[in-house]
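Notes follow once the structure below has been shown.
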Amino acid sequence: MIDISAYQNLLRASIDAKLATMDSTFSNTIGLELTRNRLLVWLNEPASLTLDNEFKNQIEQIASSVLYPFWIVKHKAGLTLVPRYGEPPESARALAYDLHFGIYQRLTVDRVSSTNLYQNDKGEIKIGLMSDYFWSVRDHLSIMAATRGGKTTLLRYLISNCAGYSKVKVKNGAVDDGSTTITVIDPKLDGELRATTLAVGGKYVAPDFARSDNSFLDAVNTQLKVIIDLMRSRAQTKKLDPKIKFMDIFVVIDEGISIPALGTSKTRTIYISLLDRILLMGAGFSIHVIMASQSFLVGSQGALSSQARLEFGARILLASRLNVENTQFLFRDLDNDTLNNLILDQDERGLLAVGICDCEGDGNIVPFKAPYFKDLGD
């Protein structure tokens, strides 16, 4: 049993020692309240300090180290201010830090094909990523990692879970319009990824090495047009029945950075345009994109357009060390000071497929540990 008051006092003392100003918790200029799920910090005005980003980052850095391992401080860009009703005007607002009680635990599952679906009391279904952390499937998902960083294995797990997710949604009332649930685009022709896709009845699109690279991108564009035709059909149906819920469809793209380079300028332009449209409009029609790539560079040499990259509301970076170079694409809101606040803790698997993520739809960035599979087969 954790004595929260003892940690609150320790945090008070640490803030006093590290800020080393005339303003302190001891002099009652800085106030704080620690609970199981949240930390509030406020200033009893007048004070020389200001509730700004610099002050927020200072407190976050202190709290991240002092509260670990019994709490993880979740990082969110910008300031989160909450009102303190009933308090005097000089302390009527506070900085709020969301906390996770305890360390995020890695999922250990039997096989890559194992499903970990969770349904809350509101009927919302989510896909388990860690023991108590979930992808809400409201947003498109991006996954970035270096070669052999664990992208494809994580994709295989997600494919199995997305197929299961779609089936549960149909059981709960979503309309099955006969569409293919899973479409996988794989430029490197990974045998295990292909097997996982076919095992759930998905469509697998890969190069035919007896033909030109451009023929592969043509095939990809043809498949994306099928998705857009489905989107149009669902839009027409929704006009007649605005409350209709459709079966969820997932477009899974592996090695996204390499796909545009495989075609001519014309087919590449068509691909980017089609992908843009699906990313911009698909979620409204239960069509989700999962893209894994070594880089999410945008532009003529990139994986997608700058606008399309913004549509990935859920994001995972697999990296054992965080720096500005590997966070600049998916986590541009992290600067050097913020990176120092994030703790990538190790478990018995060491630094295997660890990193950071933001997948619950609340904007909080937390440490990530990809599931560990006892058996990599389907």
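All values below were derived from every heavy atom in this structure, side-chain atoms included, with hydrogens, water molecules and symmetry-related copies excluded.
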Subject >> Residue list, side-chain contact (heavy atoms from CB on, under 4.5 Å) with Lys188, at least two apart or on another chain >> reply: Thr152, Asp186, Asp190, Asp254, Glu255

Original post:
Listed by chain and number, what are the salt bridge (charged side-chain N to carboxylate O under 4.0 Å, His left out) partners of Asp218, not counting sequence neighbours?
Top reply: none

Original post:
Quick one: side-chain contact (heavy atoms from CB on, under 4.5 Å) partners of Tyr68, sequence neighbours excluded?
Top reply: Ile72, Ile103, Ile343, Asp345

Original post:
Under 3.5 Å, is there a donor-acceptor pair between the Thr29 and Asn44 side chains?
Top reply: no

Subject >> Interatomic spacing from SG in Cys162 to CD1 in Ile249 - rounded to 0.5 Å >> reply: 11.0 Å

**OP:** Under the side-chain contact (heavy atoms from CB on, under 4.5 Å) rule, collect the residues that match up with Ser114, sequence neighbours excluded.
**Re:** Val109, Asp110, Arg111

**OP:** Tell me, please, which residues at least two apart from Arg194 pass side-chain contact (heavy atoms from CB on, under 4.5 Å).
**Re:** Leu198, Tyr204

Original post:
Looking only at heavy atoms, what is the nearest atom pair of Ala314 and Cys359, with distance?
Top reply: CB-CA, 4.0 Å

Original post:
Would a distance-only check, ignoring hydrogens and angles, find a side-chain to backbone donor-acceptor pair under 3.5 Å from Ser131 to Leu107?
Top reply: no

**OP:** May I ask you to decide if Asp229's main-chain N or O and Ser233's side chain share a donor-acceptor pair within less than 3.5 Å?
**Re:** no

**OP:** Say whether, by atom type as modelled, one donor and one acceptor occur between the side chain of Ser14 and the main chain of Leu10 under 3.5 angstrom.
**Re:** yes

Original post:
Hey, does the side chain of Arg93 reach the backbone of Pro89 with a donor-acceptor pair shorter than 3.5 angstrom?
Top reply: yes

Subject >> Where at least one partner belongs to residues 234-244, residue pairs that pass side chain to side chain donor-acceptor pair (under 3.5 Å), sequence neighbours excluded >> reply: Asp177-Arg234

